[in-house]
Amino acid sequence: MSADFLALAVPGVQKLSPYVTGKPIEELARELGMDPAQIVKLASNENPLGPSPKALAAIQDALPELTRYPDGSGYALKQKLAARFAIDPAGITLGNGSNDIIDLVARAFLAPGLNAVFSAHAFAAYPISTQATGAESRVVPAINYGHDLDGLIAAMDANTRVAYIANPNNPTGTWFGPEELERFLSRVPAHVVVVLDEAYIEFSEPGELPNGLAYLSRYPNLLVSRTLCKAYGLAGLRIGYGASSAEIAGVLNRVRLPFNVNSLALVAASAALDDEDYVLRSRQVNRAGMRQLEAGLQALGLKWIPSRGNFLAVDFGRDAAPINAALLRQGVIVRPVAGYAMPTFLRVSVGTEAENARFLGALEHVLRG
Ligand SMILES: *Cc1c(COP(=O)(O)O)cnc(C)c1O
């Protein structure tokens, strides 16, 4: 007889639901018997521009070396990041996506009896990584769907080791400014590692949001996590990084699996960092697309949460599941966020002009019949 493996899992894991990814285009195409080329996916906050040509060329050049293990220290990419952002290379941790960084912090600093604090409606990776260690997730109610930074401080105690905050947050798109960040960091106890998740920072104009990297020298308990999977367009390769004090990076390096970042991701990330034009275009396409989506939603009489990311959480004021199902039948994939305690919302990623128009047209069809 087989054991009850769920009952054997640590209590935190028993309470988790698996992470829900955006529905793959191929899967919906199979279900609908539709040509994949006719399906629009605006469900995973992916870059609609396609990868940077510089990254593609770097991957091509690196292919003959695929029999070799990657550089496990990621020396060249760390040097590039350090020079590009004026940060200490000894404080950089490379990850298999920035999800890996979020998880490394949990594995290094959390255990049963300890806790991590984060906001309601925060990114799903935080509870997954926290509870996998047996630690407690302390979820603080949001204010207007955004982080209550004072509330997060109030939830901390002697057993708190990690605070996860995202600016802007996914799936809400909400953000906070430099004064709020400074106030938070200056009040967090020294024994709490703050993970400031800036996965979408490149979509805001310089100066619109606080640049977490600028706070590193004053806050040794701060780790800023960033990714090349969003504005840099490398989601399929899984590459992100943490920037922190060398001390925190040294701890994370103890739990990091050998070769956690693959060789193609390393070279593609270096090349993508050099393609400033690509990031600039990503920002412009996002800004224009955001305006297009907002105008279209407005015309349909819908409400949404203002966003500084490359996505919008749209509130239908009623169960959004049937609307999602109807959109899928139109070949449009967006993201239900009921798992984030937002059952009346759908999250839509900003796409190209044509993709946004297709989404708005399908939505109009669904809502107006
Ligand atoms: C997409 C996302 C990430 C980045 O994930 P990767 O592992 O780098 O693909 C991190 N945090 C948030 C809030 C995100 O939405």
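We count ligands from 1, going down the list as the structure has it; atoms in each ligand are counted the same way. Predicted model, so just to flag it, every value in this text is computed and none were measured.
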Could you list which atoms of ligand 1 come closer than 4.0 Å to a heavy atom of [X]?
X: Ala199; value: 2 (C), 3 (C), 10 (C), 11 (N), 12 (C), 14 (C)
X: Tyr200; value: 1 (C), 2 (C), 14 (C), 15 (O)
X: Asn170; value: 13 (C), 14 (C), 15 (O)
X: Gly97; value: 6 (P), 7 (O), 8 (O)

Looking at [Y] and [X], is there a salt bridge between them, counting it only when a charged N and a carboxylate O are closer than 4.0 Å?
X: Lys41; Y: Glu355; value: no
X: Glu276; Y: Arg283; value: no
X: Glu353; Y: Arg358; value: no
X: Asp274; Y: Lys80; value: yes

* Taking both backbone and side-chain atoms of Thr227, is any N or O found less than 3.5 Å from an N or O belonging to ligand 1? ->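 N/O-N/O distance under 3.5 Å: yes.
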* Asked: Does an N or O from Asn96, backbone or side chain, lie closer than 3.5 Å to an N or O of ligand 1?
  ->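 Looking only at distances, the answer is no, because the N/O contact criterion of under 3.5 Å is not met.
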* Just checking, is any N or O donor in the side chain of Tyr219 or Glu182 under 3.5 Å from an acceptor N or O on the other one? ->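 Yes - a donor-acceptor pair under 3.5 Å links their side chains.
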* Asked: Do we see a donor-acceptor contact under 3.5 Å between the side chains of Arg347 and Asn170?
  ->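 Yes.
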Nearest protein heavy-atom contact for [atom]: which residue, which atom, what distance?
atom: atom 4 (C) of ligand 1; answer: Ser98 OG, 3.0 Å
atom: atom 2 (C) of ligand 1; answer: Lys230 NZ, 2.4 Å
atom: atom 11 (N) of ligand 1; answer: Asp197 OD2, 2.6 Å

* Partner of Tyr241 under side-chain contact (heavy atoms from CB on, under 4.5 Å), chosen from Val261, Leu81, Asp100 ->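 Only one of Val261, Leu81, Asp100 forms a side-chain contact (heavy atoms from CB on, under 4.5 Å) with Tyr241, namely Leu81.
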* Mind telling me whether His147 and Phe176 have parallel, tilted or perpendicular rings, with 30° and 60° as the class edges? =>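 Tilted.
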* Is the Phe311 ring parallel, tilted or perpendicular to the Tyr200 ring (thresholds 30°, 60°)? ->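 Rings of Phe311 and Tyr200: perpendicular, over 60°.
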* To do: Would you please determine whether Gly240 falls within less than 4.0 Å of ligand 1 on a heavy-atom basis?
  =>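 Under 4.0 Å: no for Gly240.
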* To do: Examine ligand 1 and decide if any of its atoms is less than 4.0 Å from a heavy atom belonging to Asn45.
  =>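 The answer is no: ligand 1 sits nowhere under 4.0 Å from a heavy atom of Asn45.
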* Asked: For ligand 1, which part of Asn99 has a heavy atom less than 4.0 Å away: the side chain, the backbone, both, or neither?
  ->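 It is both parts that get close, each with some atom under 4.0 Å.
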* Selected option - heavy-atom contact closest to atom 7 (O) of ligand 1, from Arg226, Arg238, Glu46 ->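 When every heavy atom of Arg226, Arg238, Glu46 is considered, Arg238 comes closest to atom 7 (O) of ligand 1.
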